[in-house]
Each structure stands twice: as structure tokens, then as C-alpha cells.
Amino acid sequence: LSVTQSELEASKADLEASRADLEASKVDLQASEEELRNSLKELEEAYAKAVKEYNESLEIYNREIDNLTSDIENQQKYVEGSVLMNISPYDVWTAKAELFVNPDYEEGEEYRNAALTATIMRAYQSGLTSGELLDRIAANTGVEQRYLQELIKVSVRLDDFSGIQSWGTGLTFSSRQDNLLTIEVRHETEQSASELMEEILKGVKQFQAQISSGIGRHSVTEFTSSVSSQIDLSLAERQTAESERLTTLKASLDAKNEELKGMKMPEPASSSFIKAGVKYGVVGGVLGAFMVVFFVCIGFVMSDKVYSA
């Protein structure tokens, strides 16, 4: 049977509508593909940023862990090696010596004498708590210089001047008027305290010759000396604080290691987006093939030669 003209026109109209739908679907598909490409680009950028941040965080964690490990080693060494940290605060052997420093000056030069005395006594204070003397004592006793500094206190009381005293390098002030140089040493035993004091008094004699020639002539007379056992609650507090510091450092290291274990390398773009890309690729291929068939059909319809057997 031949297809009537009206049927042919209806088929053409249907095909035109289908073509319009296909064109619209093609536009939608292209928009979806563009959206997918943009999404994939954003994911790639986000992934690159996440990897960079991960690597930076990893570097920071490793550096913090290295610093904590070093601090723990140093603190452990200090707590175990420091003589002061191992003295019983309820049995601190303290040797004390007071030395009278008397500069040579002529009558009428009292002001010059006061200034000269201050310079001389500060020179003793500096020399007795650092440098050459402590190096020599460290070599003789086997105790490191930094640990010796903690055991030695030198106090200066000046006539008409404020006093200065120090344990190692710290300074405080008093208002006594004496021209006295007070030396105190702390140690674990009476013998150790006495031997350390003897080493320091040898240093006083050595410095006297140097200071006399470099600053001004003077005499040094030992005024009093003693050795006794004392309770030092401030030492107990310091020992506790140093032990707690070590405990805190170890806890911080453990926490950092746990945080490091919990870090995960960022994962690439989700596989769902990859599947979506494959889906749109397949759909695009099918749609393209369908449109080829569609236009072939259009050719037949437009030729007005469609027949049935």
C-alpha cells in the first residue's frame, strides 16, 4: 500500500519534532559534559591543594617531633647529670666563706675608693661564676661547667653601694654596707662542698693578682667560713618542676605521634565522577549514531517513496 500524502505529512511532522527533541537533548548533553569537565577541574585543583596542605602539615609534625625528641634528650640528660637535681633538698651541704675586700687608696679619695671597690668586687663575681676558673674546676672534678654554675653563689655587698648576688648568672640586690664578698657552694656531701670551696678560694688568690694589676691594688681577707647541712624547700620545688617538665615533654611527644598516625594522604577525585564521564561519553556516542539513522529516515520520508510490501 502507498502512504497517503496526509500520512506522509504527519510522519514528517513527527520526525521534525523528534529531531527538535534530539537537538535539545544534544544541547543538554553538551552542557552536562561542560559541567562535568568544570567539576573535574575543580576536583583536581582541590586535590592538589589538599596534597600541598598535607605535605606542609607532615613537615610541621616531623619538625615538632624532632624538636620534642631533642628537648626530651636534653632534659633527661640534665635531670640525670645535674648535681643540683640529685641533691636531697632536705640534706643540702652548704660551704660558706665571707671575704673582706679592702682597696688601697690615699686619704681624701673615699669616693674613688667606693667606685674602685665596686669594680673590683664585680670582677671577682664574674670570674668566680664563669670562664677559666670553672673550666679548671670541671677538669679536676669531672663535673660539667654548666652544672658547677648551679652550685656556686657569689654575693657582693658594697660600702655605700647596693649589693649584688647571684647563683650562677642570676642577680639580686641588697642594701648592706660591708665591702664583703660572700661565696656559697652547695653539694651532696660535706666533703664535696668543702673541696669545691677550696677550689674557688684558690681561684680568688689567682684573680687577686690579675685584678690588682688590671684594676687596682687591694687586699682580700677571709672573714668567716663554715660548712653545714640545710633544708632547701626552693630546691625541692625546682626539682619537681624539672621532673614535671620532662613528663610534659614526653606526653607532648606521644600526642604528636598519635596525631601523625591519624593523618591520611588525600584521595584523588571520586570514582563516581569518572563513571559519570564514561556514561556521558557512551550517551554521546549513542545519540550521535541515532541522529545518523534519524537523518537517513528523513531522507526517505522527504523522497515521497516509502512503500510497504
Side-chain angles (χ1 to χ4, degrees), residues 74-101 120-157 163-172 174 176 178-211 219-246:
N74 291 334
Q75 186 68 6
Q76 187 76 48
K77 183 178 179 181
Y78 173 69
V79 170
E80 294 176 356
S82 169
V83 176
L84 188 63
M85 289 299 101
N86 291 279
I87 295 177
S88 169
Y90 308 105
D91 186 24
V92 182
W93 281 96
T94 303
K96 181 177 179 180
E98 290 186 316
L99 310 177
F100 179 70
V101 178
I120 289 172
M121 297 185 76
R122 288 189 176 95
Y124 275 113
Q125 184 179 49
S126 176
L128 294 176
T129 55
S130 62
E132 181 181 343
L133 175 62
L134 292 187
D135 286 339
R136 178 171 60 80
I137 297 175
N140 292 340
T141 61
V143 178
E144 292 184 31
Q145 182 184 129
R146 60 173 176 158
Y147 300 147
L148 284 172
Q149 282 184 315
E150 298 179 315
L151 303 176
I152 302 170
K153 176 181 177 181
V154 179
S155 304
V156 173
R157 295 203 297 269
I164 306 171
Q165 64 180 9
S166 70
W167 279 112
T169 57
L171 299 178
T172 57
S174 64
R176 295 286 300 276
D178 298 309
N179 286 8
L180 286 180
L181 183 70
T182 303
I183 303 169
E184 294 178 70
V185 300
R186 295 178 288 183
H187 223 299
E188 297 173 288
T189 65
E190 180 180 6
Q191 180 179 352
S192 298
S194 298
E195 290 175 352
L196 180 55
M197 177 61 78
E198 289 177 6
E199 292 288 344
I200 294 173
L201 292 178
K202 290 178 183 177
V204 170
K205 294 179 180 179
Q206 176 185 345
F207 284 126
Q208 183 177 0
Q210 296 176 2
I211 295 172
S219 62
V220 178
T221 305
E222 186 173 331
F223 192 61
T224 61
S225 63
S226 63
V227 182
S228 61
S229 176
Q230 302 175 358
I231 294 176
D232 190 344
L233 296 181
S234 63
L235 175 58
E237 293 175 357
R238 179 176 172 183
Q239 289 175 340
T240 300
E242 295 294 344
S243 296
E244 289 177 349
R245 181 173 185 272
L246 180 58

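On a predicted model such as this, the values are computed, not experimentally measured, just so you know.
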Kindly compute the distance separating CD (Glu144) from NZ (Lys77), expressed to the nearest 0.5 Å. 5.0 Å
Sub-3.5 Å donor-acceptor pair from the side chain of Gln239 to the main-chain atoms of Ile87, do we have one? yes
With a 4.5 Å limit on heavy-atom distance, are the side chains of Arg238 and Met85 in contact? yes
Roughly how far, to the nearest 0.5 Å, is the CD atom of Gln76 from the CG atom of Leu246? 5.0 Å
Could you tabulate the donor-acceptor pairs under 3.5 Å formed by side-chain atoms of residues 133-143, not counting sequence neighbours?
{"unit_1": "Asp135", "atom_1": "OD1", "unit_2": "Gln145", "atom_2": "NE2", "d": "2.3"}
{"unit_1": "Arg136", "atom_1": "NH1", "unit_2": "Glu199", "atom_2": "OE1", "d": "3.1"}
{"unit_1": "Asn140", "atom_1": "ND2", "unit_2": "Arg136", "atom_2": "O", "d": "3.4"}
{"unit_1": "Thr141", "atom_1": "OG1", "unit_2": "Ile137", "atom_2": "O", "d": "2.8"}
{"unit_1": "Thr141", "atom_1": "OG1", "unit_2": "Val143", "atom_2": "N", "d": "3.3"}

Do Leu201 and Glu222 come close enough that some side-chain heavy atom pair is under 4.5 Å? yes
Atom pair OG1 (Thr240) and CG (Leu235), whose distance is rounded to the nearest 0.5 Å: 9.0 Å
Tell me whether Glu188 contacts the main-chain N or O of Val83 through its side chain, where contact means a donor paired with an acceptor under 3.5 Å. no
Just to verify, which of Lys153, Met197, Glu190, Arg186 counts as forming a side chain to side chain contact (heavy atoms under 4.5 Å, CB included) with Thr94? Arg186
Which residues satisfy the ring-ring contact (aromatic ring centres under 6.0 Å, His included) test with Tyr124, sequence neighbours excluded? His218
Do Tyr147 and Leu84 come within less than 4.5 Å of each other through their side chains, counting heavy atoms only? no
All side-chain hydrogen bond (donor to acceptor under 3.5 Å, both in side chains) counterparts of Ser82, not counting sequence neighbours: Glu150
On a heavy-atom basis, which atom in Leu128 and which in Gly203 lie closest, and how many Å separate them? CD2-C, 4.4 Å
State the CZ-CD1 distance between Phe207 and Ile200, to the nearest 0.5 angstrom. 10.5 Å
Backbone of Tyr90 reached by a side-chain donor or acceptor of Ser88 within 3.5 Å: yes
Just to verify, what does Glu98 make a side-chain hydrogen bond (donor to acceptor under 3.5 Å, both in side chains) with, not counting sequence neighbours? Arg157, Thr224
List in chain and number order the residues that pass side chain to side chain contact (heavy atoms under 4.5 Å, CB included) with Asn74, two or more places apart in sequence or in another chain; answer none if no residue qualifies. Ser70
Sequence neighbours left out, what passes side chain to side chain contact (heavy atoms under 4.5 Å, CB included) with Ser192? Give chain and number order. His187, Thr189
Is there side-chain contact between Ile183 and Leu99, with at least one heavy-atom pair below 4.5 Å? yes
Hey, does Arg122 have a side-chain heavy atom less than 4.5 Å from the side chain of Val156? no
Atom CD of Glu184 and atom CD1 of Ile152: how far apart are they, to the nearest 0.5 Å? 12.0 Å
Quick check: does any side chain N or O of Asn86 sit under 3.5 Å from a backbone N or O of Val79, one acting as donor and the other as acceptor? yes
With a 6.0 Å cut-off (strictly less than), is the heavy-atom count around CD of Gln210, excluding the residue itself, greater than 12? yes
